[in-house]
Amino acid sequence: MGKNSFFKELFHRYQGNPILTAADWTYPANTVFNPGATLLPDGSTLLLVRVEDRRGISHLTVAKSKDGVTNWEIDRGPTFSPDPENYPEEIWGVEDPRITWIEELNKYAVVYTAYSTSGPLVSLALTEDFRHFERQGAIMPPEDKDAALFPRRFQGRWALIHRPISNYPMTKANIWISFSPDLKHWGDHSVLLEARRGAWWDANKIGLSPPPIETEEGWLIIYHGVKNTPAGCLYRLGLALLDLEDPRRVVVRGDEWVFGPDEPYEQMGDVGDVVFPCGVITKGDELFIYYGAADTCIGLAKASIRELIEWLKDSVRS
Ligand code: BMA
């Protein structure tokens, strides 16, 4: 389809996309998508991939690569499986992990969706090595998902971005922020970003994509907006910037989406027209954004932090 060249491309797809599919897997898998990501101390990239089996239940599996692009080493079996006997909220699987390295704890925090019989909710596990996990259990009741931790405290408190949904008539699914003294007890909940209404690309339902990215200008937020069309849902990405010291303060939010499903592997699959990143790693100014494509495989897009922030600033000027 002809692209309008007035829009500056901010996210650049890797030409070899998709980088990982179920065909690469070391054991039976229906789909592999929505990976969390982190840079390991040796400079290699670790993805914690959501793997859906043929029952429909998801677990998480590690894939590692030296350059973050090729030669992925995939665990021989599930790395992190649902544990419904001890954590009944995981009965229908564990999904969509977001990884944050927490310097103060010397551990990675993995915030993931546990799919309970009352709906999806937010769970937390800590790990040093992605081999042993210390489950902390559910930290937000259902329905709530698309959550990630900030890497440090703000005035003594940890902060979590998440997306609760209520059944209240005409309500929208907004992005919220909450605080905790101990990663266990959460409060001071407030709306951080509201879904827009009507024809907007991010009308009615939005959610955080990868964890917040710390930059000199503030916390860069990549979020998804879900447009409900007669043909189904369209998942696209937008940008916002939060104040570095008070992340409840939105410095700027872009009006237009910046990345959407354009390629066949993003438009066709188990759930077509979806780009859904849960992981990002930073190498200097460069972002490597790992996204689920059509709930079926994994794509990589690169972007420049400087360009994204310039675009955000320009969007308020114009
Ligand atoms: C969202 C999440 C994601 C999924 C997306 C598109 O609500 O459940 O896991 O990729 O829908 O199906």
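Starting from 1, each residue takes its place in the sequence as its number. Just so we're clear, the structure is a prediction, and the values are computed from it rather than from any experiment. Each ligand, and each atom within it, is numbered from 1 in the order the structure gives.
- Counting non-hydrogen atoms of neighbouring residues, nucleotides and ligands closer than 6.0 angstrom, the CG atom of Asn86 exceeds 12 such neighbours.
- Between the side chain of Asp75 and the backbone N or O of Gly77 there is no donor-acceptor pair closer than 3.5 Å.
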- Message: As a quick check of understanding, evaluate side chain to side chain contact (heavy atoms under 4.5 Å, CB included) for Ile175 and Tyr223, giving each step before the final call.
- Response: CA-CA 9 Å; Ile175 297 179; Tyr223 73 96; 3.9 Å; yes

For residues 29-38, run the donor-acceptor check on the side chains, cut-off 3.5 Å, and write out each pair with its distance to 0.1 Å, sequence neighbours left out.
from  : atom 1 : to     : atom 2 : distance (Å)
Asn30 : ND2    : Glu52  : OE2    : 3.2
Asn30 : ND2    : Asp270 : OD2    : 3.0
Asn34 : ND2    : Asp96  : OD1    : 3.1

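- At a 4.0 Å heavy-atom cut-off, the residues surrounding ligand 1 are Asn34, Arg50, Asp96, Lys145, Tyr235, Val271, Val274, Phe276, Asp295, listed by chain and number.
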- Task: Start with the C-alpha distance between Glu90 and Glu95, add both sets of side-chain angles, then the distance that settles side chain to side chain contact (heavy atoms under 4.5 Å, CB included), and finish with yes or no.
- Result: CA-CA 10 Å; Glu90 296 184 1; Glu95 307 180 346; over 6 Å; no

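- Glu266 and Arg236 are not joined by a salt bridge, as no carboxylate oxygen comes within less than 4.0 angstrom of a charged side-chain nitrogen.
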